[in-house]
Amino acid sequence: MPALLQTPAYARALLTAGREKEIETAVKDRLKRQSILEREPPTELWVLLAETTLEVTVGGEQVMREQLARLVTMSTFPHVTLRVVPNSAGANPGLDGSFKIIKVKEGEVAFVEAPNGGRLVAEVAEVETFKLRFDRIGAVVLPVDSSRTLIKQYMEAMT
């Protein structure tokens with residue numbers, strides 16, 4: 001679940017499970033970063049989310065329902081594109097781990113997620129491989145409306 005889309009309760013549950021020492025500080029920092037989606041002009045965000053992320057109940061059913069509701073809401077914003085990689089897609093490049101492609105003044109960089117940090121990729125040729133990987137994952141995802149419907153189905157199943 002991308003940190004930019006997490007609810008406070010979901011973030012807290014995740015950080016607790018990860019044995020974060022300063023949980024409330026980490027939650028506050030995580031939520032503060034979400035402000036980039038609210039500024040003018042808002043940051044453009046494209047997310048390809050594995051369906052398995054919707055299946056794992058983090059923090060209990062109430063926390064998970066709220067998290068799924070947040071995804072539905074965020075997916076309606078014009079600057080947020082949220083698409084789900086269905087389990088039926090099988091093996092795909094997204095299974096190797098999460099990453100981000102970030103536009104900066106100098107061009108684009110990639111950030112590879114890892115516990116306790118990650119790795120920033122600035123080399124143009126390597127960033128291109130991540131862009132290609134994103135496109136290949138994108139070839140097997142559900143359309144935006146179908147993704148939103150699937151998220152709603154998981155949310156409704158938790159009532």
Side-chain angles (χ1 to χ4, degrees), residues 1-7 10-20 26-59 64 67-68 70-154:
M1 188 70 64
L4 289 176
L5 300 178
Q6 291 175 8
T7 64
Y10 185 96
R12 190 173 292 107
L14 250 159
L15 292 164
T16 299
R19 299 182 186 268
E20 173 68 38
V27 170
K28 183 178 174 185
D29 290 346
R30 187 167 289 195
L31 297 179
K32 186 176 179 182
R33 288 191 294 272
Q34 293 179 358
S35 67
I36 68 167
L37 298 175
E38 299 165 1
R39 67 182 179 198
E40 287 299 326
T43 298
E44 191 77 22
L45 178 66
W46 284 56
V47 176
L48 305 180
L49 187 67
E51 182 178 353
T52 54
T53 307
L54 308 175
E55 295 175 330
V56 179
T57 304
V58 173
M64 197 63 196
Q67 178 59 56
L68 295 175
R70 172 146 169 91
L71 291 180
V72 170
T73 299
M74 293 301 294
S75 74
T76 65
F77 293 177
H79 60 285
V80 176
T81 301
L82 175 60
R83 297 172 66 197
V84 175
V85 182
N87 291 337
S88 61
N92 66 78
L95 296 177
D96 283 341
S98 61
F99 64 93
K100 297 174 175 74
I101 299 171
I102 306 164
K103 289 187 180 183
V104 294
K105 291 178 186 174
E106 297 79 16
E108 294 177 316
V109 296
F111 184 77
V112 182
E113 303 279 346
N116 299 322
R119 181 173 72 93
L120 188 66
V121 178
E123 169 59 40
V124 174
E126 192 174 0
V127 171
E128 288 298 319
T129 66
F130 281 98
K131 290 170 62 177
L132 179 59
R133 192 166 147 203
F134 186 89
D135 289 344
R136 287 183 173 152
I137 299 165
V140 297
V141 298
L142 297 173
V144 172
D145 290 341
S146 299
S147 294
R148 190 177 302 121
T149 297
L150 182 62
I151 296 167
K152 287 177 182 177
Q153 288 170 351
Y154 274 99

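Nothing fancy with the numbering, it's 1 onward along the sequence.
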Could you tell me if the side chain of Leu5 sits less than 4.5 Å from the side chain of Leu45, heavy atoms only? yes
Test your reading of the model: is there a side-chain donor-acceptor pair from Gln34 to the backbone of Gln6, 3.5 Å cut-off? yes
For Leu54, does its backbone N or O pair with a side-chain atom of Gln67 as donor and acceptor, under 3.5 Å? no
Val127 and Val109: which non-hydrogen atoms are nearest, and at how many Å? CG2-CA, 3.9 Å
With Phe111 via ring pair (Phe, Tyr, Trp, His ring centres under 6.0 Å) - residues at least two apart: none
Residue pair Leu150 / Gln153, side-chain heavy-atom distance below 4.5 Å: yes
Quick check against the 3.5 Å criterion: does Glu108 have a side-chain atom that pairs as donor or acceptor with the backbone of Val124? no
Is the shortest heavy-atom distance from the side chain of Leu82 to the side chain of Ile151 under 4.5 Å? yes
If we ignore hydrogens and angles and just use 3.5 Å, is the side chain of Thr43 paired with the main-chain N or O of Ile36 as donor and acceptor? yes
Is the closest basic N to carboxylate O distance between Asp29 and Lys32 below 4.0 Å? no
After noting the C-alpha distance and the side-chain angles of Leu71 and Leu49, does the key distance pass the side-chain contact (heavy atoms from CB on, under 4.5 Å) rule? CA-CA 10 Å; Leu71 291 180; Leu49 187 67; 3.9 Å; yes
Least distance between heavy atoms, Arg136 atom then Pro93 atom: CB-CG, 3.9 Å
Any side-chain heavy atom of Arg133 sitting closer than 4.5 Å to one from Asp96? yes
Provide the closest heavy-atom pair for Ala11 versus Arg30 in the form atom of the first, atom of the second, distance. CB-CD, 3.9 Å
If you compare all heavy atoms of Met64 against all heavy atoms of Met1, which two are closest, and at what distance to 0.1 Å? CE-CE, 4.5 Å
Does Ser147 offer a backbone N or O that forms a donor-acceptor pair with the side chain of Arg83 under 3.5 Å? no
According to salt bridge (charged side-chain N to carboxylate O under 4.0 Å, His left out), who are the partners of Glu44, at least two apart in sequence or on a separate chain? none
Nearest heavy atoms of Leu48 and Gly138, plus distance in Å: CD1-N, 3.8 Å
Between Leu37 and Pro42, the two heavy atoms sitting closest are O-CB, 3.6 Å
Any non-hydrogen side-chain atom of Thr16 less than 4.5 Å from a side-chain atom of Arg12? yes
Any chance CZ of Arg19 has more than 12 other-residue heavy atoms, nucleotides or ligands included, within less than 6.0 Å? no
Let me see the working for Arg148 and Thr76 under side-chain contact (heavy atoms from CB on, under 4.5 Å), right down to the final yes or no. CA-CA 9 Å; Arg148 190 177 302 121; Thr76 65; 3.8 Å; yes
Got a sec, which residues hit ring pair (Phe, Tyr, Trp, His ring centres under 6.0 Å) with Phe99, two or more places apart in sequence or on another chain? Phe130
